[in-house]
Structure formats: structure tokens, C-alpha cells
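Chain A is the first sequence line, chain B the second, and so forth, proteins listed ahead of strands; every chain is numbered from 1.
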Amino acid sequence: MESWLEVGKLDEIPRLGARVVRTLHGDVAVFRAGDDQVFALDDRCPHKGGPLSQGIVYGHSVACPLHNWCIELNSGCAVAPDQGQARSHPVKVEDGVVYLQLAGARAAR
Amino acid sequence: MSKEKLVLIGNGMAGVRTLEELLELAPERYEISVFGAEPYGNYNRILLSPVLAGEKTINDIMLNDEQWYRDNQITLHKGKKVVEVNRARRQVIAEDGTVAPYDRLLLATGSNPFIIPVPGHELSGVVSFRDIQDVNAMLTASRQQRRAVVIGGGLLGLEAANGLLKQGMEVSVVHLLDTLMERQLDQPAAMLLKSSLEQRGLKFLMGAQTAAIIGDDRVRGVRFKDGSEVEADLVVMAVGIRPNAELAKKIVLHCERGVLVNATMQTYDPRVYAVGECVQHRGTSYGLVAPLFEQAKVCANHLAGFGYSRYRGSVTSTKLKVTGIDLFSAGNYVGGEGCEDIVYKDPGHGVYKKLVLKDNKIEGAVLYGDTVDGAWYFQLMRDGTDVSDIRAGLLFGQAHLGDSGHGGQNAVAMMADSAEICGCNGVCKGAIVKAITEKGLFTLDDVRAHTKASASCGSCTGLVEQLLANTVGDYSASPKEKPMCGCTDHTHEKVRKVIGEQHLTSIRAVMDFCEWRSADGCAKCRPALNYYLIAAWPNEVQDDYQSRFINERAHANIQKDGTYSVVPRIWGGVTTPAELRAIAEVADKYKVPTVKITGGQRIDLLGVKKEDLPRMWGDLNRAGFVSGHAYGKSLRTVKTCVGSEWCRFGTQDSTGLGIKIEKMTWGSWTPHKFKIAVSGCPRNCAEATIKDYGVVCVDSGYELHVGGNGGIKVRVTDLLCKVQTEEEVMEYCGAFMQVYREEAQYLERTAPWIERVGLSYVKQRVVEDAAGRRELYKRFLESQQLAQVDPWAERAEHGVDRHEFVPLKQVAQ
Ligand SMILES: Cc1cc2nc3c(=O)[nH]c(=O)nc-3n(C[C@H](O)[C@H](O)[C@H](O)COP(=O)(O)OP(=O)(O)OC[C@H]3O[C@@H](n4cnc5c(N)ncnc54)[C@H](O)[C@@H]3O)c2cc1C
Ligand code: HEM
Ligand code: SF4
Ligand code: FES
């Protein structure tokens, strides 16, 4: 019975960019792809914890700003041959408003 | 709907590589079957030499075992030779009667070893050196017999001879000419090679023409034209290969020496493609793997229905795979009309290097004994770089130009497994070799992706290439033109040209015009395109912040923990107590954990939280500071020394001049970071000779130096010219920066750019062509009028890009 949190308007996130939602369990990056699809991942790169929200977004991927790993936005998985996964969270957009569900935030700690 | 059927004839290196590339692009498109005359999966033919030498086993050299075919739902008909193709019915028919229908057919039948048709060539004990069967025959013979004769002193022959010698046989090499490997080596290198092989125990019969192979049913010896004979229990014929176009000819596909293909690897029958050694493309058939893999890539692209890739031919280089002998050869190594040779000889150390130059460009190279710079020369050759300025040191290698960081270590084969190859990513030799063998890597890009070795600064590229060569064989050829990234086939130069000619002013427009393959590019091409657009049309282009690296978006340097550093601009490194006080207050107010003096005479405030940045900038702005651009591909700092104002040695006002230069150049975007320094006399306390643009004041004026940098590859500047006045220093500076901005590739610093285009070219543009220089300078100043806006002020006071600095939302969960 996770609940949807309203986090802001789609327009507040730059296209091909990301914004951060600050939670008690760390930052969550909310990405907006070129096609306006929205994704949410923990803002920690599986490599060395780089803030993914600061990377360059292209297609449905983001390049980490620290060492350029590529992370798939929908799964959080690093693109082969790199290995690792950032936790992803359900997001949806309704009437231009972005809603986020913090997946397993409680289970995690 | 059932899938289209693809049949591959020839289960060798080129054909299977094509399938691998195809499976990457369109895994579901075809139902694939493969016919191979050899009773094995796909193996690395190159490594037959080390197998023969006992350095590897057959198992080590398998590339795709039978499980691979099963995993990819490919039907493998191994040991079945195809004898007929019915092109009307679109069926392939094998020797044993197996029939397979096709929609597309791929021919990759390789080559046949050439057998000299002398009497006795069919005797038992006469073998060629082409496949596993041949190697097994040689290995068996080496256990039972004593004397071997190898006919042919080329690459293959010598590798065969070396292998048999290692297996304990007495080996004589028979060669028709007086020099070994005459297609790769000139005479002095061939002599060195011969004597070092003789020391290992090989015997040579030079200038000897084989007349007959003698024996009753087994070979007993070889007889020559002059009547002399040698005894032999095994004869290896290694005199060359011929494209195997037998089947293609039989089914009346247009062939010359090989099967003719166009730039899409299609034969004259549009349903039939061909790749590999059996192919003839623009009159050339290739006998090395690297070009064949390029063909494979192109062919897969068309089989997958993408239809945009073209094969344009390859430049190749060769190495000999005899452990302990280093030999490299590329291009026209003989010379000829209009060519000059430069030669380095040290017979005592067994080193010989020769470069053939034509019109100041490298035409060819032969290296013996020390091949560490082979990759570098090959690069210069392919790029057509004007080498006149580095000519004096060219033969001493890249290290001589300042490529440091490996302690002169070059013989990679001698290095221990634990030796670190890539200093940036801490990758040691053992890890790279393991990845190459276990993951079946072939190319530098593969190794970069899997191990990160050479993926950062690239200074170990040469070593990684050597490791690849030593581990899987030589793949050092590469496409004539390098595309910008995976999203396009166009080169950087081409894209820039189009932006100018077509007056394109947005990333979207460039991608549409050049038919980019991805919807919105990638992290490689977008920043480059953004830069090219800004550089080309500064008045019109809207800077696309989402295509900039975070540092340039946030106007601060991201640190490893996600915090940022702030470096205010301190003009020429000269400050005041009031400024220092203001900085100290800001540092206190925002609890900056570290305050550090930078190498460029600035003060760095490290560990700042992103959301504090705008307010902090506001405070710094009020004290008179602007952004120091310490984060950008842009002018960084102008470093100065005290100069004539104070220093007893000073000849000119280096400090004042540095400040003027910095006021002119700050805020400019460049392909890579750009650093300037001004020293007041040749003692050069500001280290001007390792900067992108360095001014050294002298009594009679100013020496201008360009293209230096510190860092991994320390490179000392080249002297551009000497001028008399400060005004000239400014004009030359603006003009130099502008050519660099307009012509270098994105992320190429001035040092590699100058090495690529040649100092003469830069001199011509900036020094000799006075009118051109003034034009460049004018364009520089024009674009500066728009660029010199303090990004900090915009963000601190005017709320620009607020979204960049504050969280979208803070939630209590
Ligand atoms: C000992 C040795 C060392 C080498 N060293 C190097 C090196 O250091 N660097 C380098 O770049 N290159 C080297 N080469 C060359 C390299 O191996 C070849 O260029 C490459 O293997 C050619 O690939 P291919 O697919 O065109 O042909 P192949 O790999 O020969 O594959 C062709 C396959 O097709 C099969 N075939 C032919 N006709 C039919 C038919 N009608 N039906 C079914 N199957 C058929 C053949 O049996 C063969 O298996 C070396 C070659 C040898 C032999
Ligand atoms: C021939 C050798 C050299 C002599 C005689 C010399 C002499 C001097 C003198 C007299 C000063 C001015 C000091 C002052 O009053 O502030 C100075 C400054 C300095 N020197 Fe040298 N120097 C030499 C070489 C170098 C070299 C090779 C370096 C570094 C690579 C260097 C680095 C510096 C630095 C960083 C300063 C301070 C400059 C400033 O910020 O103003 N010097 N030197
Ligand atoms: S470079 Fe010359 S003028 Fe400048 S500080 Fe050093 S000695 Fe003095
Ligand atoms: S932390 Fe993301 S790539 Fe290293």
C-alpha cells in the first residue's frame, strides 16, 4: 500500500535533464527523457556513488558525471560491460504533474 | 510470419564476425545456418602460429564453440563443404547432399594456400600452413621426423619455421629472393631479422628456386634449379595465398582474382554478400584480419537492413608473431620518387627504424627491435599529419616528445602480470590479458569497455595495443575515417563543415540533416555538437545546457562526493587584502571545508553544497569577483610572474600584460581547457612553456609559445614567433585561440591538435598570413562580446537556471 507522492510539475524538470527529490533515505533523481517519459532512480551511481541527476541524459539512459558509466533509466542497470544497478522507483505523470512512489524505502534500511 | 533465411558459407573469421555483428544489430531477423568445410567451430586462425610453437593449444584459440551456435539458434553444418549453389531456386547444396534454402547468402570462403606446381608437390609430407589440420600434420611430423624445409621466407613461412624449430626440428627456410619478408621489410631490417633467426638455429637458403620435391611416396628432399639438393622429412609450402573464389566462379558470380563486391559488400547478385579474404574490393584483396572485420561490420549493417554503412578500404600494418622478435611494418617502406628516408640504426642493440616521408608526411615505416612507437607512426600516417616540425626527434619516438608516465617501459611482453598498464584506472597487465582471452576481445575499444584500461587519458593506448597484438594477434588497422561516435558515420570535420555550409543553428537541425541514428544523440556527441554550434554561430545559437557536462551547467567543478568547488577569478593572479578578506568571509559563512591555492595562481574553495552555490556566488560578486571558469572547456587562467615591476631580472611588465590578456580572453569557450601564462624573463617562473599559449618576455620583445601542457603527457610548447609590442601579443593570442576554436576537434587540446595539423600550418595561419590573422582576431573579439557575461551573476542575481540548484521537492519519507 505504497502511496503516490506529488513531487512537482513535469515542466519543472528540463527535457533531457533531471531534478532531485530529497527524501529521508537519500536523494532520488527524477529524469525527463527527450520523449517526455519520466523515470526515477536513487541518485547514486552503482559505480562510486556519483549523483546521476547531474549526468547527461540521452535516449532512455544517463551518463554518470563522475566516470561516465551509462545507466538505463527504466531499470537502473549499468549498460554492459559495466555491472551494477541503481534502485528505481515507480513514477507517473498525470495532467502534467509528476508522482513518485518510494519503492522499498522502508525495507532498505 | 517465418523469418528470412540467411546462409553463411565458410565458418571462418570474417564470416562469423559478420554474424556476431548482425546478432548485435538485428538478433531476430534471420534464421541462420552455417556451412564450414572444417570440422570445427570458429577459431582464431592467426593463433595457429603460437599453437605450432607450443605456446598455445587448439582449445585456447577457439572463438565460438558449438554451444555458441546453439545459444544463438544457428544451425552449424560443420565438416560440410558447399559444392553448388542454385541461384534461381536460392538453394545451397553441400558435398554430402545437404540442401539449405536462402533468402540472403553470405560467402566467406577465405583463401587457399598457393602450392607451387613442381614435380612431387603431392607427396606425403608436403603441407601448407592454413588450418588446424595442417598444424596437426606438422606437429605429428615434428615428433617423428627430424628435418624440415619451409619454402617461403615471408610472414607465414617464418612463423611456421619458428614453430617447427621450437618443436625440436632442424629447419631450413628456402627463399626465392635475397631478402626475407620483402613485402614488409627493407634490406637492413631483413638482415637483422635473418641474423637473429639464425642465432636461434634456423638455416636459410636464399636466392634458391625450387625445381622439384623428391621422394617416392614420402618426401625425402628438395631439389633446386641449380641442381643442388637438401634432405627433408617435411616440406611446408608457405609461398602465398590466393582468394578462394572457386565456388563463386562455379556459380558464375562476377569474379576477378576474388569475388567482386561494392562498398556495401554486395556481389553482383544482390542476394549474395561476400566478406573476407575471398573478396576483391576496389582491386584489393586483404589478407589480414583487421580489414576483414571492418568489412564484417559494414556487411552486417546491410544484412540487418540498416543500409547506411560503407566500406572504403583499409590501411594495414603488420607485425611478426615470433616471440622475442619485435618487428613492425606499414605502408610504403621502400620509398621511391619524391620520398625521403630517415633512418636510425643501432646494430649493437639490434635496433633499426626507418620512416619514409613524402611531402612531409609519413608514407611508411619499418621498425625492428623497438616497435613501441609503431602505433604512433601508423596514426600519424593515417592522419596524414605534417611532421616537418617534429622531424628532428621523430625517430626517437613519442616518449621523446614528452609522453611520460610509463617510466620508459615499452617491452610489454617482458612485463610482469602485476605491472600496471593503465595508471588512471589501475589496470594491470594480467587483468587485461585475462579479459582479452576470457571474453574474446579483439579491438582496443573492446578492451576499453571491458577493463577501462586506456579509457581515460589514453596514454597507455600503445601498451594496450601491444598486449592485444601479443595475445590475440595483430588487429592494428583501422578505418580511414573515424566517426564522431556511434550515433553517426560522419567525422568531426564533416559535421563542422556542414554546420557552416548549411547554416545549421541547433543540435536538432544537425542531427536531422546528418541523419543521426539515435533520437537525441549520446553523451559523446551532444556536448561536441553544442560546442561546434556555439563556435560557428555565436550570435544565433542558443546554448543547450542539457548537452553540457555538469561542470559547465553548474558553473563549478563536481567533486568525487558530489559537492562542488568554487574558484573566483583573480586576474593575472594579483589580488588585494580586501579581496582576500572577502574570500575568507565567504569561506567562513558557508563552512567551506578546504581552501587551497591552485596551480594556476587562484584560490579554490572545495566541498560546497550545490544549493549553496548561487548565494555564495552572489556574495563573491558583491566583493567584485566573477567566475574563474576553473570548470570549463574554456579559458582557465593566465598565470604571471612578478616581472619588471618588482623582479630584478624582469624585462617587461609580465603581470600587467597577463591581466590584459585575461581580461580579453576570459569567458571564451574552447574545444578543451585553455591555459595561458606570461613570464617576465627567460627564467620563466610562470612556466609559460607548458601552457596552451605562453608568453616569455625578453629584452627586445615577446616570445610567443604554443601547444604546451602539463598533465599526463607533459609537452613543452613550440615557439610560434617573436613580436615587439603588447598589442601584437594580444592579436596573436586572439588569432591563435580562434583558429583552435574553429578547427580543433572537441576535447582535443592544443598539443594534440598541433601534433595532428603540424606547427607549420599554425604558423602559416597565425604568423605568415597577416590579413588572415587580423580576421581571426576580429572574429575572436566579436564572439567575446557575447561570451563575457558572468555566469555566476546571472545565476545569483537573476535566477537563471534556478532548477539546476534547488531540489524539486523535499519529502518527509
Ligand atoms: C598461420 C597464420 C597466421 C596468420 N597471422 C595473421 C596475423 O598475425 N594477423 C592478421 O591480421 N592475419 C593473420 N593471418 C590471416 C588471417 O588468419 C586471415 O586473414 C583470416 O583468417 C581470413 O578470414 P576469412 O574468414 O576470410 O577466411 P578463413 O578464416 O580462412 O575462413 C574461411 C573458411 O571457409 C571454409 N570454406 C571455404 N570454402 C568453403 C566451401 N565451399 N564450403 C564450406 N566452407 C568453405 C574454409 O574451410 C575456412 O574454414 C594468419 C593466417 C594464418 C594461416
Ligand atoms: C634561472 C633560474 C631562475 C631564477 C634566477 C629565478 C629567480 C626568480 C626571482 C628573482 C623571482 C622573484 C621573486 C620575488 O621577488 O617575488 C622568482 C619568482 C618565482 N620563480 Fe623563479 N627563477 C628561476 C627559475 C624558476 C623556475 C624554473 C620556476 C618554476 C618552474 C620558478 C618559479 C618561480 C615562481 C613560482 C616564482 C613566483 C612568481 C610569482 O608568482 O610572482 N623560477 N624567480
Ligand atoms: S620569470 Fe624572470 S622576471 Fe619573472 S619572476 Fe622569474 S626571474 Fe623574475
Ligand atoms: S560514480 Fe558513476 S561512473 Fe563512477
Side-chain angles (χ1 to χ4, degrees), chain A residues 2-3 5-25 27-30 32-35 40 43-45 47-70 79-83 98 100-102 105-106, chain B residues 24 424-425 435 439 441 445-452 455-456 485-487 507-508 511 516-527 530 544-554 556-564 610-611 801-813:
Chain A
E2 305 281 351
S3 58
L5 296 167
E6 177 185 333
V7 291
K9 297 212 190 63
L10 181 64
D11 290 348
E12 294 175 90
I13 310 173
R15 194 170 277 153
L16 295 177
R19 295 287 298 276
V20 164
V21 173
R22 197 139 286 176
T23 79
L24 298 181
H25 306 281
D27 288 355
V28 171
V30 183
R32 176 177 176 192
D35 58 8
D43 198 13
R44 287 181 55 78
C45 175
H47 178 218
K48 290 192 175 171
L52 296 173
S53 57
Q54 315 293 297
I56 289 185
V57 177
Y58 61 98
H60 286 175
S61 308
V62 61
C64 176
L66 292 196
H67 317 93
N68 220 14
W69 277 30
C70 291
V79 174
D82 294 326
Q83 286 171 357
V98 183
L100 171 69
Q101 225 175 51
L102 290 175
R106 257 152 268 148
Chain B
E24 288 271 309
C424 295
N425 295 306
K439 305 215 166 101
L441 310 184
D445 281 345
D446 289 345
V447 176
R448 284 185 175 152
H450 281 267
T451 68
K452 304 290 176 224
S456 300
C485 67
C487 304
I507 292 183
R508 185 75 274 145
M511 288 182 173
W516 235 247
R517 293 204 277 277
S518 51
D520 35 46
C522 68
K524 245 182 176 173
C525 59
R526 279 218 326 266
N530 190 50
D544 177 20
Y545 266 65
Q546 296 314 132
S547 296
R548 282 186 177 272
F549 293 118
I550 182 61
N551 291 352
E552 295 182 354
R553 233 183 300 148
N557 261 329
I558 195 166
Q559 304 297 326
K560 66 177 196 183
D561 61 352
T563 64
Y564 289 81
K610 197 177 185 193
E611 55 264 42
D801 286 344
R802 214 181 96 78
H803 65 80
E804 188 65 67
F805 303 97
V806 293
L808 181 60
K809 180 143 184 165
Q810 202 136 5
V811 298
Q813 278 201 15

Discussion item. If you count heavy-atom pairs within less than 4.5 Å of chain B, which of A:Lys48, A:Glu6, A:Gln54, A:Glu12 leads?
Written reply: A:Gln54
Discussion item. Taking side chain as everything from C-beta outward and backbone as N, CA, C, O, which of these in A:Ile13 sits under 4.5 Å from a heavy atom of chain B? Side chain, backbone, both or neither.
Written reply: side chain
Worksheet, complete the sentence: Between the CD atom in B:Gln559 and the CG atom in B:Asn551, the distance rounded to the nearest 0.5 Å is 8.5 Å
Worksheet entry | Distance in Å, B:Arg526 CZ paired with B:Cys487 SG, rounded so as to fall on 0.5 Å steps | 9.5 Å
Practice prompt. Sort A:Val28 into side chain, backbone, both or neither according to what part of it lies under 4.5 angstrom from a heavy atom of chain B.
Written response: neither
Worksheet item: Does any heavy atom of chain A fall under 4.5 Å from the side chain of B:Arg548, the backbone, both, or neither of them?
Response: backbone
Worksheet item: Of the non-hydrogen atoms in B:Ser547 and B:Ile507, which two are nearest, and what is the gap between them?
Response: OG-CD1, 3.5 Å
Fill in: With sequence neighbours excluded, residues passing salt bridge (Lys or Arg N to Asp or Glu O under 4.0 Å) with B:Asp561
none
Practice prompt. Side chain from CB out, backbone as N, CA, C, O: work out which of these in A:Leu5 comes under 4.5 Å of a heavy atom of chain B, or both, or neither.
Written response: side chain
Discussion item. The test is side chain to side chain contact (heavy atoms under 4.5 Å, CB included); show your working for B:Leu808 and B:His803 and say whether it passes.
Written reply: CA-CA 7 Å; B:Leu808 181 60; B:His803 65 80; over 6 Å; no
Worksheet entry | Qualifying residues under salt bridge (Lys or Arg N to Asp or Glu O under 4.0 Å), relative to B:Glu611, sequence neighbours excluded | A:Arg22
Practice prompt. Identify which of A:Ala18, A:Ser53, A:Gly8, A:Gly55 forms the greatest number of heavy-atom pairs closer than 4.5 Å to chain B.
Written response: A:Gly55
Discussion item. For chain B, which candidate among A:Ala63, A:Gly49, A:Pro51, A:Pro14 shows the most heavy-atom pairs at distances under 4.5 Å?
Written reply: A:Pro14
